2 protein chains.
Amino acid sequence: MPTIVKQAANVLDLFEFFASTGQPASLAEIAGHFGWPKSSTFNLITTLAERGFLYEPRPRHGFYPTPRWLSLAQEIAHAEPLPESLQDLLRELARLSAETVWLAGSAGQHAVFLAVIESPQAIRYTAQPGKRVPMHATATGQAILSQMPEPRRAALLRQASYERFGPGTPMSAGEVDRIIEESLARGWFMSASSYSQDLGGVSIPLPLNDRMLSATVAGPLFRMGTRMEETAAQMQAAIKRHFGKDYFDRHLPGLRQLP
Amino acid sequence: MPTIVKQAANVLDLFEFFASTGQPASLAEIAGHFGWPKSSTFNLITTLAERGFLYEPRPRHGFYPTPRWLSLAQEIAHAEPLPESLQDLLRELARLSAETVWLAGSAGQHAVFLAVIESPQAIRYTAQPGKRVPMHATATGQAILSQMPEPRRAALLRQASYERFGPGTPMSAGEVDRIIEESLARGWFMSASSYSQDLGGVSIPLPLNDRMLSATVAGPLFRMGTRMEETAAQMQAAIKRHFGKDYFDRHLPGLRQLP
DNA sequence: TCATTTGGTCCATATATAAAGACCAAATAT
DNA sequence: ATATTTGGTCTTTATATATGGACCAAATGA
């Protein structure tokens, strides 16, 4: 179990806190909200303020993050961007499916959501960039795993922790291998309650030069249940439109192509 | 002397590091760059990754921040934005002066830069959002101080530390009061090496409903030295164009208006 | 004008944590 | 095939740090 760095996590908590409230907060409010001691909160806030990441929009009416966060985050996003073509693809998938769609990459034993467009419907799968799901137990992750060279995938699956999340959760490396094999033969990866309850979704592997991503369309099982095959075909078609007719032939010969 | 929270500062360091390199970095690279122990670096990175703030763009080729930073920073900036009109004003000042221009707000004993447009010229004043300068010793800060109700300004100046930064640095509350008085009578605040060496600049207070900001145009003294009065007049004119002819009459009756 | 509340700051010390270093796996070189 | 290097993970313990609580100033209410 990896050691969590408390004060690092606190910075993230604070960052998320301000993103969700959208308002300046006083030391006392922050301390109260998190149940942090006043003195510790003071030290943390002072540190962030000293570094130019927090200021007082109006004196003595609370602290708020400075635009420095935005400025740095933009530089970071700009330097290693998701190609514009991927954003386009995602938008098209969102339009076609009217469900929540996302792109994910890998982070150790987890897949991380890199870009998300939520469904406009009231009942929908909700997620935001940065969300992590276990690699071996989700369609999103399996679609990524399917692109890895054999030894790397084996290494990853060996260290995975096979916890039971739902009825379909695979409980061994062998099971995951089998699911991947079947999914490649089927032409798409299916998430059906193996991790998230009542979720139905379709994932397609998306190798992009040397990055291994996946695209997923998912929604409540009662809407997606009967539309999976159709959705998968739509996704493959959209990907071919965006990246060329021979995209799968060149990068994913193992994947069955739907008509 | 306020206690700095080391691991919180480390998160900020890391964030800035990625913004400046724009590349994924391995644990070893990060540890090397900062001189951090491998194990500590590991803990920190794990913490950020666990929370969905770091991922591996390509497995085993280093970590990089996820778009989650951007997403949260955008929410934060969107909730408490600098009015668009201020951005416009800033752009106009940048165009008119061809020097570096910025907007600043207050953070305790410091003024923080909230928005910056750098001069296109090779020799220029360089700054980024989040930069902090002492309130009492800079034109930017004094222009903010000039807007505060008397007791608050007095309190602030009482606790200020009167360090000598350059020839013109004020060394007591009284001196600052005098400078503010003179500057209001002059119609603008002058920074001339009282904090930054060889810097010449003009600041104008910018009260915006209950926020107390200031706008500054600054560059190397050899370019700005003879243009200050002219620049100040341009700034006042631009502000009046953006916020109405009677802006100063209504919000800053104490400030001399230039022809 | 005085009392009370609220928000912020400082300090000593018990406690949580960062770091040293051993370890392991995978990649690369021989 | 085997050795070496590189990158990542784990555990123990000396040490840095988070915290309780005292304190102070400013704002608010009586």
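Only heavy atoms go into these numbers, but all of them, side chains included; no hydrogens, no water, no symmetry mates. Within every chain, numbering begins at 1; the chains are lettered A, B, ... in the order of the sequence lines, protein sequences first and strands thereafter. Given the structure is predicted, the values throughout are model-derived calculations rather than measurements.
- Taking atom CG of residue B:L27 and atom P of nucleotide D:dT9, one finds them 8 Å apart after rounding to whole Å.
- Rounded to whole Å, atom C1' of D:dA18 lies 10 Å from atom CG of A:N10.
- Each of A:P37 and B:A28 has a nearest nucleotide on DNA chain D; the 5'-most of these lies closest to B:A28.
- Note: A:F18 CZ to A:I30 CD1 = 4.0 Å, rounded to the nearest 0.5 Å.
- For B:A155, whose side chain is taken as the heavy atoms from C-beta onward, the closest listed nucleotide among D:dA26, C:dG8, C:dA19 is D:dA26.
- Each of B:P151 and A:W36 was assigned the nucleotide of DNA chain D with the nearest heavy atom; the assignment lying further toward the 5' end belongs to A:W36.
- Results of the side-chain hydrogen bond (donor to acceptor under 3.5 Å, both in side chains) test with A:R178 over A:E175, A:E181, A:E182 single out A:E182 as the only residue that passes.
- Comparing B:Q159 and B:Q7 along DNA chain C, the residue whose closest nucleotide (by nearest heavy atom) sits nearer the 5' end is B:Q159.
- Listed candidates were D:dC10, D:dG21, C:dA18. Nearest to the side chain of A:S39 is D:dG21.
- Note on A:K6: only backbone sugar-phosphate atoms sit closer than 4.0 angstrom, heavy atoms only; bases stay farther off.
- Of the possible donor and acceptor atoms, one in the side chain of B:R132 sits under 3.5 Å from a partner among the backbone N and O of A:A49.
- Counted by atom type alone, A:T140 and A:T216 present one or more donor-acceptor pairs between their side chains at under 3.5 Å.
- The nearest whole Å value for the distance from the CG atom in B:L54 to the C1' atom in D:dG8 is 15 Å.
- The side chain of A:R158 contributes an N or O atom lying less than 4.0 Å from OP1 or OP2 of C:dA26.
- Counting heavy atoms from C-beta outward, A:T169 and A:E163 have side chains that stay 4.5 Å or more apart.
- Minimum atom distance to the side chain of B:F63 is reached by D:dG8, of the listed D:dA18, C:dG8, D:dG8.
- Remark: P of C:dT9 and CD1 of A:I30 are 12 Å apart, rounded to the nearest angstrom.
- The side chain of B:F42 lies closest to D:dC10, out of D:dC10, C:dG8, D:dA18.
- One cannot find a donor-acceptor pair under 3.5 Å joining the base of D:dG21 and the side-chain atoms of A:K38.
- Between B:R152 atom CZ and C:dG8 atom P the separation is 11 Å, expressed in whole Å.
- The CG atom of A:L156 sits 15 Å away from the P atom of C:dA25 (whole-angstrom rounding).
- Per the geometry, CG belonging to B:N43 stands 9 Å off C1' belonging to C:dT17, to the nearest Å.
- Across D:dG7, C:dG8, D:dG21, the shortest atom-to-atom separation from the side chain of A:S26 is found for C:dG8.
- Going from atom CZ of A:R153 over to atom P of C:dA26 covers 15 Å, rounded to whole Å.
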